[in-house]
Amino acid sequence: MSDIGSTLRRRWVEVAWGVFAVANVVAILMLSQWETIPFHFIWVSLTLVYGIRLWRLRTTMILLLVVMAVTGAALAWSITRGNQGPDELAEVPLMAAMFLAMVWHAERRQAAIEETARLAESEHRLLMGQREFVRDASHELRTPITVARGHAELIRDAHLNGQIAKDAEVILDELGHLSSLSERLLILTTAGHPGFLSTSDIRVEPFLEGLVRRWTPTATRDGQVRIAARGTIRADPGRLETALDGVLENAVKATDDGDTIHVSCRAEGEHLAIEVADEGRGIAAEDLPRIFDRFARVEADRARSNGGTGLGLSITKAIVEAHGGSISVVSEEGKGATFRIKLGGFRAASLPVVLPDVALSE
């Protein structure tokens with residue numbers, strides 16, 4: 001009894017339709033006129049129920065034959081009583097043809113949905129496999145890179161002068177690039193993981209000022225820091241520093257010695273807007289849509305030897321979005337670029353403050 005009750009609960013739509021169809025067949029047999037109304041009720045309700053349930057094709061065909069036989073017999077009974085003309089029987093194959101058209105369309109749609117789901121699952125598995133591969137490869141590269149750096153440093157120190165020392169320096173530079181690349185790939189592959197961020201309250205003013213000062217030994221640029229927001233922001237300090245490093249690195253590469261890089265921030269309600277603007281070469285209009293893509297390098301970068309890996313801005317975007325923020329860029333070729341990062345979780349302290357300019361050169 002429990003199995004029967006469970007089946008009835010799962011198939012209550014079919015049971016309700018069966019009761020409704022039987023009632024309409026009885027109406028066809030008992031009415032002396034308007035018999036086609038319950039006849040059409042049966043067929044229309046069958047189409048609606050099929051649209052909800054989408055039975056298997058074999059089940060659908062058996063049910064179609066049963067409905068054709070029952071409704072045809074009911075109409076034939078009405079015709080023998082003189083209530084309808086024989087031409088009414090033509091309604092049976094007509095309604096069946098319309099129902100089959102509905103079945104054909106539904107089967108095609110279901111097949112398309114299943115194929116789309118299969119392709120999506122395949123794409124997901126491929127993407128996850130690529131991420132696992134990159135993450136594992138980045139981890140595995142750390143040890144051999146460290147060992148190779150150690151041996152290269154020993155060779156360089158043992159030959160302080162001469163070609164061997166110069167060759168060792170080249171090796172160390174390339175190993176440094178490879179180590180940086182593996183670290184960046186690791187950040188990209190883990191950006192979507194729940195434990196990617198370790199947030200805390202960061203004081204905006206000293207954080208941004210320290211970030212710009214950290215670039216002082218490496219970039220002979222004039223830096224201006226203007227902070228019109230005083231307070232704290234909830235973020236991962238290490239990750240956020242990496243994100244802003246990517247934008248500053250891009251600004252340094254796009255400018256020449258003596259050019260100015262402007263770093264500013266302001267409060268926009270509970271959001272903090274950080275802007276990094278440079279007076280460099282700018283970005284061509286055709287490069288703007290893909291500037292945050294992985295391994296994207298604009299024409300100016302490709303023309304220079306220090307064009308980088310093309311991962312800096314994509315890492316910045318991944319980190320910013322992991323914080324629930326957004327990043328955008330406005331640029332015109334030959335007139336510099338302005339990158340704008342907007343982050344939530346900002347809490348104002350008191351009156352805004354403007355810090356003095358900070359130079360990116362000694």
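Keep in mind that what you see is a predicted model, and the values were worked out from it rather than measured.
Using a 4.5 Å cut-off between side-chain heavy atoms of Ile, Leu, Val, Met, Phe, Trp and Tyr, Val44 falls into a hydrophobic cluster with Leu48. When hydrophobic side chains of Ile, Leu, Val, Met, Phe, Trp and Tyr are connected at separations under 4.5 Å, Leu65 ends up as a singleton with no cluster partners. Residue Ile164 is found in a hydrophobic cluster whose other members, listed by chain and number, are Ile155; membership requires side-chain heavy atoms under 4.5 Å apart, directly or through intermediates.
Relative ring orientation between Phe20 and Phe41 is described as tilted, the plane-to-plane angle lying within the 30° to 60° band.
Partners of Glu123 by side-chain contact (heavy atoms from CB on, under 4.5 Å), not counting sequence neighbours: none found. The side-chain contact (heavy atoms from CB on, under 4.5 Å) check on Ser328 picks up Arg340, with sequence neighbours excluded. Taking Glu270 as the reference, nothing meets the salt bridge (Lys or Arg N to Asp or Glu O under 4.0 Å) condition, with sequence neighbours excluded. With sequence neighbours excluded, no residue forms a salt bridge (Lys or Arg N to Asp or Glu O under 4.0 Å) with Arg58. Taking Arg156 as the reference, Glu169 meet the salt bridge (Lys or Arg N to Asp or Glu O under 4.0 Å) condition, with sequence neighbours excluded. Shown here are the salt bridge (Lys or Arg N to Asp or Glu O under 4.0 Å) partners of Asp173, two or more places apart in sequence or in another chain: there are none. Every residue two or more places apart in sequence or in another chain that forms a side-chain contact (heavy atoms from CB on, under 4.5 Å) with Thr338 is listed here: Glu275, Ala277.
The distance from atom CD1 of Ile233 to atom CD1 of Ile274, rounded to the nearest 0.5 Å, is 6.0 Å. Atom CZ of Arg281 is separated from atom OG of Ser331 by 11.5 Å, given to the nearest 0.5 angstrom. Considering CD1 of Ile283 and CG of Leu313, their distance stands at 7.5 Å, rounded to 0.5 Å. In this structure, CE on Met68 lies 11.5 Å from CG on Leu46, to the nearest 0.5 angstrom. Taking CG from Leu89 and OG1 from Thr71, the interatomic distance works out to 9.5 Å, rounded to the nearest 0.5 Å. Remark: Gln163 CD to Asp167 CG distance equals 4.5 Å, nearest 0.5 Å.
The closest side-chain heavy-atom distance from Phe292 to Val329 is below 4.5 Å. Two residues are said to be in side-chain contact when any heavy atoms from C-beta on lie closer than 4.5 Å; Phe207 and Glu241 meet this criterion. Leu288 has its side chain out of reach of Glu332: every pair of non-hydrogen atoms, C-beta onward, lies at least 4.5 Å apart. Residues Arg290 and Asp287 are in side-chain contact: their nearest non-hydrogen atoms beyond the backbone lie under 4.5 Å apart. Between Thr255 and Thr260 there is no side-chain heavy-atom pair separated by less than 4.5 Å. Counting heavy atoms from C-beta on, the side chains of Asp278 and Asp259 never come closer than 4.5 Å.
Residue Tyr50 forms a ring pair (Phe, Tyr, Trp, His ring centres under 6.0 Å) with just one option from Trp17, Trp104, Trp43, Phe99, and that option is Phe99. The side-chain contact (heavy atoms from CB on, under 4.5 Å) test with Leu244 is passed by exactly one of Ile319, Ile341, Val263, Thr316: Ile341.
One hydrophobic cluster, built from ILVMFWY side chains closer than 4.5 Å, holds both Leu57 and Met98. Connection of Ile42 to Leu100 is established within a shared hydrophobic cluster, with ILVMFWY side chains joined at heavy-atom distances below 4.5 Å, either directly or through further cluster members. Hydrophobic clustering (side-chain heavy atoms under 4.5 Å, transitive across Ile, Leu, Val, Met, Phe, Trp, Tyr) keeps Leu154 apart from Leu175. There is no path of hydrophobic side-chain contacts, each under 4.5 Å, that joins Val330 to Ile261. By the rule that hydrophobic residues join a cluster once side-chain heavy atoms approach within less than 4.5 Å of another member, Leu54 and Ile113 end up as members of separate clusters.
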Under the side-chain contact (heavy atoms from CB on, under 4.5 Å) criterion, do Arg266 and Arg226 qualify, and how do the steps go?
CA-CA 9 Å; Arg266 64 178 180 273; Arg226 184 177 181 83; over 6 Å; no
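The closest side-chain donor-acceptor pair between Glu14 and Trp55 falls under 3.5 angstrom.
Here the shortest heavy-atom pairing between Pro237 and Ala235 reads CD-O, 3.3 Å. Shown here for Glu333 and Ala284, the closest heavy-atom pair between the two residues is OE1-CB, 3.7 Å. Ala152 and Ala168 make their closest contact through O-CB, 3.7 Å (heavy atoms, listed as atom of the first residue, atom of the second, distance). The minimum heavy-atom distance linking Ala74 with Leu29 is given by the pair CA-CD2, 4.0 Å. Gly269 and Phe346 make their closest contact through O-CD2, 4.0 Å (heavy atoms, listed as atom of the first residue, atom of the second, distance). Between Glu268 and Ala273 the shortest heavy-atom distance is OE2-CB, 3.8 Å.
Proximity of a side-chain donor or acceptor of His271 to a complementary backbone N or O of Gly325 within less than 3.5 Å is not detected.
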Which side-chain N or O atoms in residues 194-204 pair as donor and acceptor under 3.5 Å with protein atoms at least two apart or in another chain?
from   : atom 1 : to     : atom 2 : distance (Å)
Asp201 : OD1    : Arg234 : NH1    : 3.3
Asp201 : OD1    : Arg347 : NH2    : 3.4
Asp201 : OD2    : Arg347 : NH2    : 2.9

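Within 6.0 Å of NE2 on His40 lie more than 12 heavy atoms contributed by other residues, nucleotides or ligands.
Judged as a salt bridge (Lys or Arg N to Asp or Glu O under 4.0 Å), not a single pair has a partner in residues 100-114 (not counting sequence neighbours).
Salt bridge absent: Glu121 and Arg118 never bring a charged side-chain N and a carboxylate O closer than 4.0 Å.
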